[in-house]
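Quick note on labels: first sequence line is chain A, next is B, and so on, each numbered from 1.
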Amino acid sequence: MSIPILICDDSLVSRKMVQKSLPDGWDVDISLAKNGVEGLAKIRQGLGEVVFLDLTMPEMDGFQLLEIIKKEQIKSLVIVISADIQPEARSRVLKLGAMDFIKKPVDAKTLAASLKNFGLL
Amino acid sequence: MTEDQRDCLQEIINVAMGQAGESLARLIEMFVKLGVPSIHLASTKDIMPKLKNMFGEQHDSVTAVRQMFNHNSGKLDIQGEAILVFSQSSLAEIEALMVNHQSQALNNRMEFLLNIANILTGVSIKGIADQLDSNFNCSPPSLIGMNISTEQLQSQDPINWHEALIIEVTYRLEHQNFTCSLLFLMAGDSIAKLLSALDDFLEQL
């Protein structure tokens, strides 16, 4: 059965880069969201078993979305993909329950290694 | 500029801002929250009204630092000038940071300001060039003026303000806010080359 994955990023280019970096043959149904508000709605619809999440977004940013996911004990597995490469940013998102932090621009090899690491491939 | 080109440039700048933000965080020893950059392409006649709208028209509206950049190697053969502009209130925030900063090496106002400018401008330029498979030479940062009017930004210009890419970036700190604007001034052919490079980038997706 396909895994519902959600790519949550305000940039069309970035969403495309994440899509392009997904492993070939990985059986997934892809949903897209442009900010945390849209992302949360899609997660609540069951469309985000795995979430690739940007941090810097309008409306609701990635930190805020992670806080809600944690507070409401939502079961999504979140991999943050962000340009915010401060060690403190990584540490904060991991504390908020993200599984991993990948820096932008994302590449297929790093993404596959992360997914393998967490038993998703 | 098409919407796709704008989105592409915004994402490239977002990555470059992230690198600059990390360098800034190390300098000031604080966590820096990154804003979403906004981008405007302004023609000659639109530049000054836009800047006045952003920074006001008072005689002491802004403090600004410039760096020149030009093509060294790679695909993107452009040259221009980057000007980092701080509003009065943002400069006050930076000065408050300086008071708290412990480094002996950065013990005067000018040095601290040029360091911040070098990070925000220099690292951003390098970050943009890297993503477009290019390398630029950058001049050291030099002060245009402290507490000058917006009009004085234009009178300093060595490349005649052909067209400007005005990028507004916001860095927020835990207990303070400061906003700065990064202006990339380029001749028309450099802007055209940049847009063409963005199209190539988009085609590869």
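Contact annotation for A:K20: only side-chain heavy atoms (C-beta onward) come within less than 4.5 Å of a heavy atom of chain B. Using a 4.5 Å cut-off between heavy atoms, B:E3 makes no contact with chain A at all.
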Could you walk me through whether A:D61 and B:K33 satisfy the side-chain contact (heavy atoms from CB on, under 4.5 Å) test, starting with their C-alpha distance in whole Å, then the side-chain angles of each, then the deciding distance to 0.1 Å, before giving a yes or no? CA-CA 11 Å; A:D61 68 22; B:K33 287 202 82 178; 3.6 Å; yes
Can you list the steps and then say if A:M57 with B:V36 is a side-chain contact (heavy atoms from CB on, under 4.5 Å)? CA-CA 6 Å; A:M57 293 184 290; B:V36 179; 5.6 Å; no
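The local environment of CD in A:Q73 is sparse, with at most 12 non-hydrogen atoms from other residues, nucleotides or ligands closer than 6.0 Å. Atom NZ of B:K126 has 12 or fewer heavy atoms from other residues, nucleotides or ligands within 6.0 Å. The environment of A:K34 atom NZ is sparse: at most 12 non-hydrogen atoms of other residues, nucleotides or ligands sit within 6.0 angstrom.
Under the 3.5 Å distance criterion, the side-chain polar atoms of A:K16 are left unmatched by any main-chain donor or acceptor of B:L202. The backbone N or O of B:V32 sits less than 3.5 Å from a side-chain atom of A:Q86, completing a donor-acceptor pair.
Put simply, of A:S82, A:S11, A:P87, the one with the most heavy-atom pairs under 4.5 Å next to chain B is A:S11. If you tally non-hydrogen atom pairs under 4.5 Å between each of B:I12, B:D7, B:N14 and chain A, the highest count goes to B:D7.
Nearest approach of B:G18 to A:I85, heavy atoms of both residues: O-CG1, 3.7 Å. What you find for A:D9 and B:E11 is that their closest heavy atoms are OD1-OE1, 4.4 Å. The minimum heavy-atom distance linking A:V13 with B:C8 is given by the pair CG2-CA, 3.5 Å.
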